[in-house]
Amino acid sequence: MSLKKWYWLLDIEECRTSQLNSGKMDIRFGTFNLYQFAAPPVAWYAPQNTYSDSDWFDKKAWVTAQLDEMACDVVGFQEVFSPDELKALVNAAGYPHFAVVDTPAKGDDGDNVYVGPVVAIASKFPLVSAEKVSFNDNSSQHLPLKEDTEFSRTPIRAEVQIDGAANAIVYVAHFKSKRPVSIPSDVCDNAAWDDRVLASMQARSIGNVASMLQRGAEASELYENISKDLHALSETPVVLLGDLNDNIHSIAIEALSNRGRVYDIDGVAWADLPIEAKVASYKLKLYDAFDMAPNPDGTARTPTHYHRGEGGTLDYVFVSNALNEKNNNAAGRVSGFDVYDAPLKNDGVSNKKQSDHAQVVATVAFN
């Protein structure tokens with residue numbers, strides 16, 4: 001370890017001690033899509049998708065450097081195919097606490113080909129618990145879903161023991177992508193191309209709706225789980241870290257956050273509701289950390305992903321009302337919001353060695 005980094009770590013520890021003594025603490029929560037974190041010889045989705053030894057070395061070095069720059073206390077990761085290797089990396093980077101709740105899924109193309117990544121959480125503070133978030137029956141009862149519908153990647157619910165501040169419940173999620181679900185065509189291989197193209201385009205249309213439905217169901221199911229915490233533990237800070245694969249104005253994000261205006265509760269107009277009902281509604285929302293952080297200059301949101309040259313936001317930090325500064329009983333507030341988008345710049349380095357997503361970090365100032 002360099003002398004410069006050693007002094008930096010001492011400064012951080014000195015700052016932590018000072019914050020503990022003052023009864024206040026700043027905690028940084030980040031979300032980090034790693035882009036296929038798969039230690040060779042593991043391949044992702046197809047046998048040819050692997051890292052060479054030198055590329056893997058570069059990839060790990062970049063992830064370590066990026067964690068250094070983010071300077072987070074708690075990080076949620078997506079696209080993890082090699083959790084043991086990630087655990088070793090984050091432990092060496094100063095995160096002694098690490099958890100996954102699922103196992104990467106193998107495909108049919110060989111022992112080393114995996115088709116299902118997992119999410120992970122790393123923390124500088126102890127993890128009291130780390131549990132799977134289950135897909136319940138509620139969505140299946142009200143939405144046109146298959147009986148065996150599950151999360152495409154199982155989310156994590158973790159309780160983090162934050163010294164000198166309130167414990168926090170942290171969720172880590174990775175929703176279904178916008179890529180169309182593969183729908184088989186009924187047209188035989190020797191049919192005319194005109195017919196084959198027609199059937200393929202029709203199947204693609206259905207696949208897009210199936211993808212949207214899966215992502216929306218995941219959002220609704222995750223909200224159902226989170227809302228139970230918001231209801232039963234309203235004074236406990238809840239933080240969601242995730243690549244949610246949809247834009248901020250999408251139905252999926254609305255289903256997850258309930259951020260939109262509430263016009264009535266159980267048929268009673270908002271204006272006629274008692275104050276306790278209105279307060280309860282605020283407690284059951286999730287708040288976008290970008291909107292909660294100070295932004296006196298009105299700076300536009302920095303994209304976290306680009307598709308065909310167009311930037312958008314897919315990666316989020318959401319917080320509960322316990323971290324809403326408008327709440328008189330808040331345990332803290334969002335005091336900063338940062339997007340680390342250097343890997344998205346045209347730097348000549350492939351996504352494989354870095355990531356195709358920016359990293360998002362929210363700083364929470366606990367009281």
Q: Please check if atom CD in E310 has more than 12 non-hydrogen atoms from other residues, nucleotides or ligands closer than 6.0 Å.
A: no
Q: List the steps and the verdict of ring-ring contact (aromatic ring centres under 6.0 Å, His included) for F81 and Y45.
A: CA-CA 11 Å; F81 286 98; Y45 302 115; 5.7 Å; yes
Q) Under the 3.5 angstrom rule, does the side chain of S227 hit a backbone N or O of Y223 as a donor-acceptor pair? A) yes
Q.
Please say yes or no: joined through hydrophobic side-chain contacts below 4.5 Å, possibly via intermediate residues, are V160 and F98 part of one cluster?
A. no
**Q.** From V172, L222, V317, V170, residue fulfilling side-chain contact (heavy atoms from CB on, under 4.5 Å) relative to L240
**A.** L222
Q: On the 0 to 90° scale, with breaks at 30° and 60°, tag the F32-W62 ring pair as parallel, tilted or perpendicular.
A: perpendicular
Q. Is the side chain of K352 donor-acceptor paired with the backbone N or O of T50 at a distance under 3.5 Å, no angle test?
A. yes
Q | side chain to side chain contact (heavy atoms under 4.5 Å, CB included) assessment of V197 paired with M201 | A | CA-CA 6 Å; V197 170; M201 297 298 281; 4.1 Å; yes
Q.
Could you walk me through whether R301 and D288 satisfy the side chain to side chain contact (heavy atoms under 4.5 Å, CB included) test, starting with their C-alpha distance in whole Å, then the side-chain angles of each, then the deciding distance to 0.1 Å, before giving a yes or no?
A. CA-CA 12 Å; R301 192 172 200 137; D288 184 355; 2.6 Å; yes
Q) With Y51, which of W44, F37, Y35 fulfils ring-ring contact (aromatic ring centres under 6.0 Å, His included)? A) W44
Q | Under 3.5 Å donor-acceptor, Q359 side chain and M70 backbone | A | no
(Q) Please check this pair: side chain of K87 against backbone of A122, looking for a donor-acceptor N/O pair closer than 3.5 Å. (A) no
Q | Heavy-atom check, side chain of S234 versus side chain of N321, under 4.5 Å | A | no
Q. Nearest 0.5 Å, what's the CD1-CG distance between I169 and L233?
A. 5.0 Å
(Q) Do E159 and T236 have side chains that approach each other closer than 4.5 Å (heavy atoms only, starting at C-beta)? (A) no
**Q.** I27 vs F125, side chain to side chain contact (heavy atoms under 4.5 Å, CB included): CA-CA, chis, key distance, verdict
**A.** CA-CA 10 Å; I27 305 296; F125 297 102; 3.6 Å; yes
Q) Between A219 and A252, what is the shortest heavy-atom contact and its length? A) CB-O, 3.2 Å
Q. With a 4.5 Å heavy-atom cut-off, do C72 and Y95 have their side chains touching?
A. yes
Q: To the nearest 0.5 Å, tell me how far F135 CZ sits from E224 CD.
A: 9.5 Å
Q. Below 4.5 Å, heavy atoms only, C-beta onward: do V360 and F290 meet side chain to side chain?
A. no
Q: Answer whether the closest heavy-atom distance between the side chains of L323 and M292 falls below 4.5 Å.
A: no
Q. Is the CD atom of E131 crowded by more than 12 outside heavy atoms at less than 6.0 Å?
A. yes
Q: Group every Ile, Leu, Val, Met, Phe, Trp and Tyr by side-chain heavy-atom contacts under 4.5 Å, then state whether L89 and V80 land in the same group.
A: yes
Q. Which atoms form the tightest heavy-atom contact between N329 and N327, and what is the distance?
A. N-OD1, 2.9 Å
Q) Linking I/L/V/M/F/W/Y whenever any side-chain heavy atoms sit under 4.5 Å apart, do L230 and I156 land together? A) no
**Q.** Salt bridge R153-D243, side-chain N to carboxylate O under 4.0 Å
**A.** no
Q) Is there a path from F151 to V118 through hydrophobic residues (I, L, V, M, F, W, Y) whose side chains come within less than 4.5 Å of each other? A) no
Q. Would you find a donor on one side and an acceptor on the other, under 3.5 Å apart, between the side chain of Q214 and the backbone of F175?
A. no
Q: Would you indicate whether the side-chain heavy atoms of D229 and R157 approach each other to under 4.5 Å?
A: yes
Q) Under a single-linkage definition using a 4.5 Å side-chain heavy-atom cutoff for Ile, Leu, Val, Met, Phe, Trp and Tyr, are V74 and V364 assigned to the same hydrophobic cluster? A) yes
Q: Working to the nearest 0.5 Å, report the span between CG of L127 and OG of S129.
A: 8.0 Å
Q. Hey, are the side chains of H231 and L284 touching, using non-hydrogen atoms and a 4.5 Å cut-off?
A. yes
Q: Please state whether the rings of W270 and Y282 are parallel, tilted or perpendicular, taking 30° and 60° as the class boundaries.
A: perpendicular
(Q) For H305 versus L344, what's the shortest heavy-atom pair and its separation? (A) N-CD1, 3.9 Å
(Q) Do V101 and T154 make a side-chain contact, defined as non-hydrogen atoms from C-beta onward lying under 4.5 Å apart? (A) yes
Q: Grab the two heavy atoms, one from V339 and one from P303, that are nearest each other, plus how far apart they are.
A: CG1-O, 4.0 Å
Q) Any idea which heavy atoms bring P117 and E79 closest together, and the distance? A) CB-CA, 3.8 Å
Q. Side chains of Y171 and N225: donor-acceptor distance under 3.5 Å anywhere?
A. no
Q.
Under a 3.5 Å threshold, yes or no: a donor from one side chain and an acceptor from the other, between Q78 and T31?
A. yes
Q: Please report the shortest heavy-atom distance between K59 and N351, naming the atom on each side.
A: NZ-O, 4.0 Å
Q) Is the backbone of M212 close enough, under 3.5 Å, to the side chain of K178 for a donor and an acceptor to pair up by distance? A) no
(Q) What's the separation between atom CG in D246 and atom CZ in R215, rounded to the nearest 0.5 Å? (A) 4.5 Å
Q. Once you round to the nearest 0.5 Å, how far does OG1 of T313 lie from CG of L244?
A. 10.5 Å
Q: Could you tell me whether a side-chain N or O of H357 sits under 3.5 Å from a main-chain N or O of L34, the two making a donor and an acceptor?
A: no
Q: Mark yes or no for whether Y340, through its side chain, and V361, through its backbone, hold a donor-acceptor pair below 3.5 Å.
A: no
Q) Where the side chain of S220 meets the backbone of G216, is there a donor-acceptor pair that is under 3.5 Å apart? A) no
Q: Check for a donor-acceptor pair, side chain of S355 on one end and backbone N or O of N33 on the other, with a separation under 3.5 Å.
A: yes
(Q) Please report the interatomic distance CG(N136) to NZ(K228), rounded to the nearest 0.5 Å. (A) 5.0 Å
**Q.** Heavy-atom neighbours of I251 CD1 exceed 12 at 6.0 Å
**A.** no
Q.
Walk me through whether D194 and L198 qualify under side chain to side chain contact (heavy atoms under 4.5 Å, CB included).
A. CA-CA 6 Å; D194 189 56; L198 173 62; over 6 Å; no
